[in-house]
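Sharing a structure here in structure tokens format.
Side-chain atoms are counted along with the backbone in the values below, which use heavy atoms only and exclude waters and symmetry mates. All ligand and atom numbering here is 1-based and tracks the order in the structure.
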Amino acid sequence: MAYRAWLECVRGCGRTYPVDTVVYQCEDCGGLLDVEHDMEQLKRRSPAAWMRLFYERLRTNEWPYGSGVWGKKELVAPWVDNESVVSMYEGHTNLFWAERLGQQLGVPDLWVKLCGNSHTGSFKDLGMTVLVSSVKQMIAAGAPIRAVACASTGDTSAALAAYGAAAGIPTVVLLPRDKVSTGQLVQPIANGAVVLSLDTDFDGCMAIVQRLTKDKSIYLANSMNPLRMEGQKTVGIEMVQQFDWEVPDYVIIPVGNLGNVSAIGKGFLMMRELGLISKLPRLICAQAERANPLYLSYLTGFREFRPVQAQRTLASAIQIGNPVSYERAVKVLREFDGAVEQATEQELAEAAAQADRTGMYTCPHTGVALAVLFKLVERGEIHSDDRVVVVSTAQGLKFTDFKVGYHQNTLSGVESRFANRPIELEASYDAVMHALDRVLAQGGERAR
Ligand SMILES: *Cc1c(COP(=O)(O)O)cnc(C)c1O
Ligand SMILES: [Zn+2]
């Protein structure tokens, strides 16, 4: 059965477009667009039948349903033919029970959704598989698209370059010079993208790519493009499926351009409409204090919004002062009784290090979300019996400079209370045994 979907203005002006139109904003009122699905048609399948279908497809080899995104194809991108799908079998990421960290905090039901355990090491793969598949289908149908382009704080460009290369579609990425990690920079280079390193910040790159893509032969891959939302929506659906269709009390998300929180919210709303769940979690947005326009707007009850000049932060993927999806995110936060909190450099670095001591390997953005969790627990807003999911957005291995800097105590503005330095010794049994006796007598955890 062909499920229907189309693009519709988020401001409710009523303007719609076919889903394969090259358009990113409503031509009547300038609002962003969202993919809308024919919910009446989707509701003809019962909640139990949807659940059964999603279980049957878990990690199946039947193309493309083994992907966490394409296993939910009917709710995500029913217009894409299976032959057009460009997938790395993204999704199905571990929902890690953070047992030791939860015990330390007094919140034993603490979980971390490890979205960075993916092909290019961040949740951006989830949206990019939908966007690139859709573009591949549009090109096959004769659309005159020469390349796909994005501005990026690092992870979007990595995902676009990989999926584009897999599809044989040229990609162009605009990166703010010296503001992405080495690990992130080398990814699009290796995948053969046209890499443009510009003397500006993310917001500057975003402004340029929006102008570039007014030329419809250069297709825009930023999350302003609603197709990305559809894939990222599965983060919430997947975590609920992992809890056997129980909804957590809190979901904490590190946010920058505000696409991901909008997408996750959309996934929950869709599940509720289909009868898969009956309540919604509270969504908490976590921002770096040095790039906090949403937090400042939250303090005004979202009545006012002013872009800020984002300052340099260790959480470089969310160093954004003028978030494109502000409008979408505020709509979602109102519906989810959402809140926004911020974290300093010290707080995010320390939260990441503390989590690592319990077996994780957190990126700085996940550090922001964890630091916000610590604050909400301390303030008594999150209780010991709440079920909490922290969305970990990227793989820590992309942020080696952050980790090394922390453990060498060289990060500016950060005091590394959890630093763990290698012990340099002569190669002698006695020296090693002596050192071990000393260290293990302190419980193995030297630096505090
Ligand atoms: C993109 C990104 C975010 C922020 O997501 P938005 O949709 O821009 O709010 C957070 N963390 C990481 C690691 C990212 O790459
Ligand atoms: Zn409109």
**Asked** Under 30°, 30 to 60°, or over 60°: which ring-plane class applies to F305 and Y326, parallel, tilted or perpendicular?
**Response**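 If you compare the ring of F305 with that of Y326, the planes turn out parallel.
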
Quiz item: Which of the atoms in ligand 1, numbered in the order shown and given with their element, are less than 4.0 Å from a heavy-atom of K124?
Solution: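 Matching atoms, with element in brackets: 1 (C), 2 (C), 3 (C), 14 (C), 15 (O).
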
**Protein contact of atom 5 (O) of ligand 1 - nearest heavy atom, named by residue and atom, plus distance** =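 Residue, atom and distance for the closest contact: F123 CZ, 3.5 Å.
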
_Please check this pair: side chain of K113 against backbone of T93, looking for a donor-acceptor N/O pair closer than 3.5 Å._
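Yes, because the side chain of K113 sits within donor-acceptor range (under 3.5 Å) of the backbone of T93.
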
Q.
Within ligand 1, which atoms have a heavy atom of H365 less than 4.0 Å away?
A.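 Matching atoms, with element in brackets: 11 (N), 13 (C).
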
Give the atoms of ligand 1, by number and element, whose distance to some non-hydrogen atom of I318 is under 4.0 Å.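 That gives atoms 3 (C), 4 (C), 10 (C) of ligand 1.
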
Q. Measuring from the heavy atoms of P254, does anything fall under 4.0 Å of ligand 1?
A.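 P254: in contact with ligand 1 (<4.0 Å).
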
shortest atom 12 (C) of ligand 1-to-protein heavy-atom contact is with T393 OG1, 3.3 Å

Exercise. What number of protein N, O or S atoms occur at distances under 2.8 Å from the Zn ion (ligand 2)?
Worked result: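 Those protein atoms number 4 in total.
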
> When rounded to the nearest 0.5 angstrom, what is the spacing between CD1 in I284 and CG in L333?
Replying inline: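 Here the rounded value is 9.0 Å.
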
How far is atom 7 (O) of ligand 1 from the closest protein heavy atom, and which atom is that?
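Protein heavy atom at minimum distance: N260 N, 2.8 Å.
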
Approximate separation, where rounding is to 0.5 Å, of D178 CG and S316 OG: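 Taking CG in D178 and OG in S316, the distance rounds to 11.5 Å.
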
Problem - Interatomic distance, M128 atom CE to H119 atom NE2 [nearest 0.5 angstrom] - result: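 Nearest 0.5 Å value for the CE-NE2 distance: 12.5 Å.
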
shortest atom 8 (O) of ligand 1-to-protein heavy-atom contact is with N257 N, 2.8 Å

Which of the atoms in ligand 1, numbered in the order shown and given with their element, are less than 4.0 Å from a heavy-atom of G259?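 Selected atoms, number and element: 6 (P), 7 (O), 9 (O).
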
>> When you compare ligand 1 with A317, is there at least one nitrogen or oxygen pair between them that comes in under 3.5 angstrom?
In response: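 By distance alone, the answer is no.
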
